[in-house]
Student: 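Can you read through this structure? Questions will come right after.
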Amino acid sequence: MTAVRVHHPRAVRRHDGGPADLTARLIGQRVSGTGRRGKYLWLELSDGSALVVHLGMSGQMLLGPVPKTDHVRIAVLLDDGTPLSFVDQRTFGSWMLADMLTVDGTAVPQPVAHLARDPLDPCFDADAVVKVLRGKHSEIKRQLLDQTVVSGIGNIYADEALWRAQINGARIATSLTRKQLRAVLDAAAEVMSEALHQGGTSFDSLYVNVNGESGYFDRALDVYGREGQACRRCGTVVRREKFMNRSSFYCPACQPRPRSPRSRAQ
DNA sequence: CTGCGCACCTGAATGC
DNA sequence: TGCATTCAGGTGCGCA
């Protein structure tokens with residue numbers, strides 16, 4: 001990298017040294033590899049450190065001409081003259097530099113070390129995750145969103161996986177069988193894989209791929225965002241309720257709510 | 001340890 | 001018409 005410009009300091013808020021330190025340490029480095037775990041990705045650098053990137057809600061890493069948008073947060077010039085831009089409208093994304101560590105036989109940057117493997121990781125061990133889930137007396141959806149249990153699953157794909165497995169997200173994981181928990185994890189892997197092949201989930205023009213194209217997976221969503229519409233499996237009206245300051249969508253017939261009083265009763 | 005509520009941010013959608 | 005409010009998402013923090 002021959003030049004680095006941080007246009008918006010918020011984009012490096014998670015980097016300890018701030019914009020000046022990040023810039024100084026990036027210049028002169030070469031990219032020696034790439035990696036990803038859950039919602040984090042990273043570029044391995046020639047000095048052994050890693051540039052860790054989280055795209056947040058709307059972040060993009062773009063190679064080629066700097067786009068004409070107000071949302072370019074960081075601009076880099078690579079050695080061959082190609083610009084690399086970090087574009088992020090909603091500014092939940094960030095860059096940081098970190099050292100690599102070896103965890104469970106895999107080298108990952110330090111800020112990623114606490115994350116569990118994601119369902120698309122070749123080393124993902126579903127049975128081990130089922131054990132973790134069964135060991136916690138907490139709601140299954142809460143655990144699906146806990147990146148230290150299984151990474152890469154957000155609110156939308158959690159709802160989709162639970163719908164496929166016909167499990168209500170408010171069920172306490174300890175009350176579910178190994179088979180049911182395994183079904184939820186398998187469904188999550190399926191949903192993520194299908195979404196990936198369709199270019200992700202786009203609700204509006206913000207969510208586009210590196211070529212500026214929308215993903216099509218939102219058209220394939222079975223339950224998320226379908227409040228008041230018929231369940232695609234049984235026709236019952238899909239419900240929505242508040243959960244962890246987010247929305248949960250579910251079919252009350254296919255995914256019956258737990259009876260236990262510990263759940264969030266209305 | 002676990003849960004809970006909130007801040008962070010922007011722009012689209014909705015309300016008055 | 002215009003201003004105010006609500007909402008969505010992932011992460012991480014302080015506090016119970």
Side-chain angles (χ1 to χ4, degrees), chain A residues 6-16 18 36-42 52-61 67 69-74 86-96 98 108-116 118-119 131-161 169-175 188 191-192 195 200-209 214-215 217-218 221 223-228 238 240-249 258 260-265:
Chain A
V6 177
H7 294 288
H8 198 307
R10 183 171 154 78
V12 298
R13 67 192 179 283
R14 295 181 64 191
H15 180 74
D16 289 337
R36 183 191 67 79
R37 176 167 291 185
K39 301 164 193 167
Y40 288 83
L41 63 89
W42 60 90
V52 181
V53 179
H54 196 298
L55 299 178
M57 288 288 297
S58 53
Q60 295 178 283
M61 298 281 278
T69 149
D70 294 337
H71 308 306
V72 178
R73 306 307 184 191
I74 305 172
F86 179 57
V87 178
D88 186 17
Q89 179 178 120
R90 289 189 183 169
T91 73
F92 276 23
S94 68
W95 280 21
M96 66 197 118
V108 295
Q110 186 271 326
V112 177
H114 69 288
L115 291 194
D118 61 75
K131 273 201 181 119
V132 174
L133 292 170
R134 282 177 63 83
K136 292 194 183 188
H137 190 82
S138 71
E139 295 166 343
I140 179 63
K141 181 167 176 184
R142 183 178 294 281
Q143 295 206 63
L144 288 180
L145 295 175
D146 182 343
Q147 306 295 302
T148 68
V149 173
V150 51
S151 66
I153 302 177
N155 194 46
I156 297 171
Y157 297 158
D159 277 5
E160 291 297 307
R171 295 284 300 274
I172 304 297
T174 47
S175 79
V191 168
M192 292 168 76
T201 303
S202 302
F203 292 108
D204 55 48
S205 57
L206 262 186
Y207 304 96
V208 293
N209 68 15
S214 286
F217 194 68
D218 56 312
L221 293 177
V223 72
Y224 185 89
R226 300 192 69 244
E227 181 187 22
V238 169
R240 163 187 180 155
E241 63 186 41
K242 282 284 165 200
F243 178 79
M244 292 173 75
N245 275 343
R246 296 285 178 263
S247 289
S248 282
F249 296 88
S260 84
R262 196 188 176 288
S263 63
R264 311 166 315 282

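Order of the sequence lines fixes the chain letters, A, B, ..., with proteins taken first and strands second; residue numbering starts at 1 for each chain. Heavy-atom basis, side chains included; hydrogens, waters and symmetry copies ignored.
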Student: Any side-chain heavy-atom pair from A/Gln89 and A/Asp70 closer than 4.5 angstrom?
Tutor: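 Of all side-chain heavy-atom pairs linking A/Asp70 with A/Gln89, none is under 4.5 Å.
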Student: Measure from CD1 on A/Ile153 to C1' on C/dT11 and round the result to the nearest Å.
Tutor: 16 Å
Student: Does a side-chain N or O of A/His71 approach OP1 or OP2 of B/dG11 to a distance below 4.0 Å, or not?
Tutor: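 So the side-chain polar atoms of A/His71 do come within 4.0 Å of the phosphate oxygens OP1 or OP2 of B/dG11, strictly under.
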Student: Can any side-chain N or O of A/Arg73 pair as donor or acceptor with the backbone N or O of A/Asp88 at less than 3.5 Å?
Tutor: yes
Student: When you compare the side chain of A/Glu227 with that of A/Phe249, does any pair of heavy atoms fall below 4.5 Å?
Tutor: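 Side chain of A/Phe249 against side chain of A/Glu227, heavy atoms only: contact under 4.5 Å found.
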Student: Hey, is the side chain of A/His137 poking within less than 4.0 Å of OP1 or OP2 on B/dT2, counting only N and O atoms?
Tutor: no
Student: Please tabulate, one pair per line, each protein N/O and nucleotide N/O from nucleotides 12-16 of chain C that are separated by under 3.5 Å, including the distance.
Tutor:
{"residue": "C/dG12", "atom": "OP1", "partner": "A/Arg14", "partner atom": "NE", "Å": "3.4"}
{"residue": "C/dG12", "atom": "OP1", "partner": "A/Arg14", "partner atom": "NH1", "Å": "3.2"}
{"residue": "C/dG12", "atom": "OP1", "partner": "A/Arg14", "partner atom": "NH2", "Å": "2.0"}
{"residue": "C/dG12", "atom": "OP1", "partner": "A/Tyr40", "partner atom": "OH", "Å": "3.3"}

Student: How about A/Ser247 and A/Lys242: do any of their side-chain heavy atoms sit closer than 4.5 Å?
Tutor: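 They are in side-chain contact.
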Student: Let me know the distance between CG of A/Asp146 and C1' of B/dG3, rounded to the nearest Å.
Tutor: 11 Å
Student: Taking atom P of B/dC4 as reference, at what distance in whole Å does atom NZ of A/Lys242 sit?
Tutor: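 Whole-Å distance recorded here is 15 Å.
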Student: Are side-chain heavy atoms of A/Asp16 and A/Met96 found at a separation under 4.5 Å?
Tutor: no
Student: Strictly below 4.0 Å, N to O, side chains only: are A/Lys39 and A/Asp118 in salt-bridge contact?
Tutor: no
Student: Once you round it to whole Å, what is the distance between P of B/dA7 and CZ of A/Arg10?
Tutor: 14 Å
Student: Does A/Lys141 make a side-chain N or O approach to OP1 or OP2 of B/dG3 shorter than 4.0 Å?
Tutor: no
Student: Please confirm whether the backbone N or O of A/Leu145 pairs with a side-chain atom of A/Gln147, one donor and one acceptor, at under 3.5 Å?
Tutor: yes
Student: What is the distance, rounded to the nearest whole Å, between atom CZ of A/Arg246 and atom P of B/dG5?
Tutor: 13 Å
Student: According to a strict under-4.0 Å criterion, is A/Arg142 in side-chain N/O contact with OP1 or OP2 of B/dC4?
Tutor: yes
Student: For the pair made of CG in A/Leu144 and C1' in C/dT11, what is the distance, rounded to whole Å?
Tutor: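 The distance from CG of A/Leu144 to C1' of C/dT11 comes to 17 Å, rounded to the nearest Å.
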Student: Just how far, in rounded Å, is C1' of B/dC1 from NZ of A/Lys136?
Tutor: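 Rounded to whole Å, this separation is 9 Å.
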Student: Is the phosphate of B/dT10 approached by A/Ser58 (side-chain N or O, under 4.0 Å from OP1 or OP2)?
Tutor: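 No, outside the criterion.
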Student: To the nearest Å, how far apart are A/Met244 CE and B/dC4 P?
Tutor: 9 Å
Student: Quick one: is A/Gln147 getting a side-chain N or O under 4.0 Å of the C/dT11 phosphate, OP1 or OP2?
Tutor: yes
Student: Counting just side-chain N and O atoms, does A/Lys39 come under 4.0 Å of either OP1 or OP2 of C/dT11?
Tutor: yes
